[in-house]
Chemist: 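The structure is given below, and queries will be raised subsequently.
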Amino acid sequence: MKKIDKKIADAYFREKNRYMFIYFAIWFLVSYVVVAFADYLTEFYIIGFPFHYFMGAVGALFTFIVLLFVNAYVGDKIDEKYGIDDARNEEIGAKNMIDH
């Protein structure tokens, strides 16, 4: 199996970690900050419900599901950028099968 250059691997993981930090920040905001400011958010309404109630009942779950899809999409783009995508892996694997 072909090894990845250390500089490329470091850049790859730095970028992946940067996006994971962003996802965790959004998760923290939706999970804890909305709850911490629930008293102040009662003035805002979404679909007839107070904002803090809506986020606790539906909004947080919806946000997490969206984050899963965004993570998958962005992760695939990062993999392609650094040559770690599925097509490249299959190409390397097929070449190794022929060589052996």
Chemist: Rounded to the nearest 0.5 Å, what separates atom CZ in F62 from atom CG in L67?
Modeler: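 Separation between the atoms: 10.0 Å.
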
Chemist: Between R14 and D10, does any side-chain N to carboxylate O distance fall below 4.0 Å?
Modeler: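 Looking at D10 together with R14, the answer is no, because their closest N to O distance does not fall below 4.0 Å.
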
Chemist: If hydrophobic clusters are built by linking Ile, Leu, Val, Met, Phe, Trp and Tyr wherever their side-chain heavy atoms come under 4.5 Å apart, do L68 and V74 end up in the same one?
Modeler: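 Cluster IDs for L68 and V74 differ.
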
Chemist: According to the interplanar angle, ranging from 0 to 90°, do the rings of F28 and Y32 count as parallel (below 30°), tilted (30 to 60°) or perpendicular (above 60°)?
Modeler: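 Correct class here is tilted.
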
Chemist: Taking all atoms of both residues into account, what is the closest heavy-atom pair of S31 and F64, and its distance?
Modeler: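 Taking S31 first and F64 second, the nearest heavy atoms are OG-CZ, 3.2 Å.
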
Chemist: Taking L61 as the starting point, is it possible to reach V30 by hopping between hydrophobic residues whose side chains are less than 4.5 Å apart?
Modeler: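 Not linked; separate clusters.
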
Chemist: Side chains of V70 and Y19: closer than 4.5 Å at any heavy-atom pair?
Modeler: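 No - every pair of side-chain heavy atoms lies 4.5 Å or more apart.
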
Chemist: Looking at OH of Y73 and CD1 of I78, how far apart are the two atoms once the value is rounded to the nearest 0.5 Å?
Modeler: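 These two atoms lie 11.5 Å from each other.
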
Chemist: Would you compute the distance between atom CZ of F54 and atom CZ of F44 and round it to the nearest 0.5 angstrom?
Modeler: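 With rounding to 0.5 Å, CZ (F54) is 15.0 Å from CZ (F44).
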
Chemist: Would a 4.5 Å heavy-atom cut-off, applied to side chains only, mark D79 and K16 as touching?
Modeler: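 Yes, their side chains come closer than 4.5 Å.
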
Chemist: Taking side chain as C-beta onward, heavy atoms only, is P50 less than 4.5 Å from Y45?
Modeler: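 With C-beta onward as the side chain, the pair touches.
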
Chemist: According to a hydrophobic-cluster definition based on side-chain heavy atoms being under 4.5 Å apart (Ile, Leu, Val, Met, Phe, Trp, Tyr only), do V66 and Y23 belong together?
Modeler: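 Result: yes, single cluster for both.
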
Chemist: How long is the straight-line distance from OH of Y12 back to CG of D5, given to the nearest 0.5 Å?
Modeler: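 One gets 15.0 Å once the value is rounded to the nearest 0.5 Å.
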
Chemist: Count I, L, V, M, F, W, Y as connected when their side-chain heavy atoms are under 4.5 Å apart, and connections chain through other members. Are Y40 and I46 then in the same cluster?
Modeler: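 Yes, one cluster joins them.
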
Chemist: Would you compute the distance between atom CG of D76 and atom CG of N71 and round it to the nearest 0.5 angstrom?
Modeler: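 Output value for this atom pair is 9.0 Å.
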
